[in-house]
Amino acid sequence: MPASLAIRTDQPGARIEPTIYGHFAEHLGRCIYGGIWVGPDSDIPNVRGIRTDIVEALRAIQIPVLRWPGGCFADEYHWEDGVGPRDKRPVMLNTHWGGVTEYNSFGTHEFMDLCDQLGCEPYICGNVGSGTVREMQQWVEYLTFAGNSPMADLRRANGREEPWRIKYWGVGNENWGCGGSMRPEYYADEYRRYQTYLRNLSGNALFKIACGANREDYDWTEVLMQVAGSRMHGLSLHYYTAPGPSWREKRSATEFGPDEWFQTLSRTLFMEELLDTHGAIMDRYDPEKRVALIVDEWGTWYTVEPGTNPGFLYQQNTLRDALVAGINLNLFHAHADRVRMANIAQTVNVLQAMVLTEGKRMLLTPTYHVFHMYQQHMGARNLPVALSTPLYTMGSEQIGALHASASLAENGSVTVSICNLDHEHAIDLSVALAEDRFHCVKGKVLAADRLQAHNTFDEPETVVPQCFEGASLEGSSVQLRMPAASVVVLSLC
Ligand code: AHR
């Protein structure tokens with residue numbers, strides 16, 4: 001069956017907030033330590049302890065926002081331990097992630113410096129599970145108050161005169177699980193209490209994000225919206241894609257066949273049902289869509305690389321992860337009227353990372369390349385698409401072989417991103433544009449000679465985008481052949 005994609009280039013919808021392309025960095029394994037932070041005395045090039053190569057790589061994808069310090073770590077983190085002279089900071093145990101000693105070398109000042117170097121918005125997740133209201137209130141005062149106060153004076157004593165500006169503030173993480181094992185009714189009340197004391201100081205305005213549901217826990221969303229919806233700006237959602245028979249029996253990141261390729265992509269598509277259903281619940285309490293759905297953890301979760309600490313969640317990243325990223329980003333665009341931020345987990349060396357490091361060396365993953373290829377969607381307006389696609393069959397299961405999204409930039413150019421999930425069949429695609437004002441089409445493709453292809457420190461360019469010459473434009477129609485197992489991005493101007 002031939003495939004077709006109709007794009008209403010004349011009917012732009014919601015803005016694709018750049019923050020949909022957000023990231024997440026936790027004190028977990030080698031994400032912060034070794035990945036981002038090497039310390040000012042390291043022989044790895046750094047600026048005030050922060051790796052220069054990482055900053056350059058993330059700037060190249062215009063990282064818009066970075067969530068920190070967790071994750072599960074956030075609900076056992078006490079921010080006061082991470083300020084002041086580094087050699088005097090208290091030490092703690094990172095009980096969630098490998099039981100390692102946390103020296104608190106990377107704290108508030110280092111994180112805010114990282115965000116400055118990256119040119120991105122900070123998104124801080126405060127501690128509800130093992131913290132106090134006072135502690136969270138004081139963190140906001142420390143960061144944002146311009147006048148004289150105990151916390152602002154402490155900040156000055158620690159070397160920062162001016163307050164920072166901080167918008168995104170999470171009130172706990174996964175409080176249904178690692179963040180305190182709370183029931184939604186209990187957390188909703190806790191959220192109300194905590195957020196009361198999160199003050200807007202010295203002209204700073206906080207965007208308060210309540211802890212949201214795990215996957216299809218729709219009751220959590222229902223209760224949160226009912227009890228606390230009017231007191232939040234955002235409600236989060238976490239969903240990870242994990243192939244395998246159960247959550248406990250995960251699978252390898254690199255050793256898989258077509259069955260697991262299919263299962264992974266099929267499970268990724270479940271994100272659509274989650275966005276629709278959580279969104280529909282939110283609509284009942286908030287038809288104006290004032291409260292944003294913030295997918296602040298998403299991505300693939302496999303077994304760790306052989307020989308690495310199971311608590312460090314270090315996994316490789318193949319062409320399959322590129323498809324997972326492409327599909328999720330397409331879905332976030334389509335739900336941009338409600339989804340205003342998303343944060344892939346996690347930036348460096350953890351889960352579906354952008355970047356992997358080994359000592360001085362660094363490589364960019366296939367997932368990174370998708371973020372690079374999709375950049376033109378950031379800040380553009382989502383366009384309605386109607387896709388007619390052949391089915392992709394594995395055993396008794398079927399999913400659409402193609403997955404697509406389109407957006408309109410302010411300068412009038414249109415970006416179309418298409419994923420071919422089918423691992424063995426190329427697909428001819430005919431794209432119909434609602435207007436015939438376009439005069440050029442350019443493209444990039446990410447594909448490889450095998451499904452398991454990935455970048456290594458010795459061969460870091462196995463999976464990299466190539467120019468895509470296979471699209472032709474005539475009037476208001478574009479013809480192209482989508483290679484099997486590929487991501488293609490077209491720019492029409
Ligand atoms: O991203 C790894 C962990 O996954 C986070 O710490 C937690 O929030 C989630 O369960």
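First listed ligand is number 1; within each ligand, the first listed atom is number 1. If you're wondering where the values come from, they're calculated on a predicted model, not measured in any experiment.
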Worksheet item: Of the listed options (Arg67, His27, Glu174), which comes nearest to atom 10 (O) of ligand 1 when hydrogens are ignored and any heavy atom counts?
Response: Glu174

Worksheet item: Knowing that exactly one of Tyr123, Tyr77, Phe73, Phe24 qualifies, which makes a ring pair (Phe, Tyr, Trp, His ring centres under 6.0 Å) with Trp68?
Response: Tyr77

Worksheet item: Side chain, backbone, both or neither: which part of Gln346 has a heavy atom under 4.0 Å from ligand 1?
Response: side chain

Discussion item. Within the 3.5 Å criterion, strictly below it, is a donor on His377 or Ser407 matched to an acceptor on the partner's side chain?
Written reply: yes

Worksheet item: Does Trp97 approach ligand 1 within less than 4.0 angstrom via side chain, backbone, both or neither, non-hydrogen atoms only?
Response: side chain

Worksheet item: Just distances here: any N/O of His238 and N/O of ligand 1 closer than 3.5 Å?
Response: no

Worksheet item: Nearest to atom 8 (O) of ligand 1, what protein heavy atom do you find, and at what distance?
Response: Glu297 OE2, 2.7 Å

Item to complete: Fit a plane to each ring of His238 and Trp176, take the angle between them on a 0 to 90° scale, and name the class: parallel (under 30°), tilted (30 to 60°) or perpendicular (over 60°).
Response: perpendicular

Worksheet item: Salt-bridged, Glu141 to Arg199, with N to O below 4.0 Å?
Response: no

Worksheet entry | For Cys72, atoms of ligand 1 separated by under 4.0 Å from a heavy atom | 5 (C), 6 (O), 7 (C), 8 (O)

Discussion item. Please determine whether any non-hydrogen atom of Phe73 lies less than 4.0 Å from an atom of ligand 1.
Written reply: no

Worksheet entry | Atom indices of ligand 1, in the order listed, that fall short of 4.0 Å to a heavy atom of Asn173 | 8 (O)

Item to complete: May I ask you to check whether Tyr392 and His423 place their ring centres under 6.0 Å from each other?
Response: yes

Worksheet, complete the sentence: For Phe24, the atoms of ligand 1 under 4.0 Å from one of its heavy atoms are 1 (O)

Discussion item. Under 2.5 Å between the SG atoms: is that true for Cys72 and Cys178?
Written reply: yes

Item to complete: Identify the protein heavy atom lying closest to atom 1 (O) of ligand 1, giving its residue, its atom name and the separation to 0.1 Å.
Response: Tyr240 OH, 2.7 Å

Practice prompt. Determine whether the side chains of His454 and Asn317 contain a donor N or O and an acceptor N or O closer than 3.5 Å.
Written response: no

Worksheet, complete the sentence: Numbered in order shown, the ligand 1 atoms found under 4.0 Å of a heavy atom of Leu351 are 1 (O), 2 (C)

Worksheet item: Would you find more than 12 non-hydrogen atoms of other residues, nucleotides or ligands less than 6.0 Å from Glu185 atom CD?
Response: yes

Worksheet item: Quick one: does ligand 1 sit under 4.0 Å from the side chain of Val350, the backbone, both or neither, non-hydrogen atoms only?
Response: neither

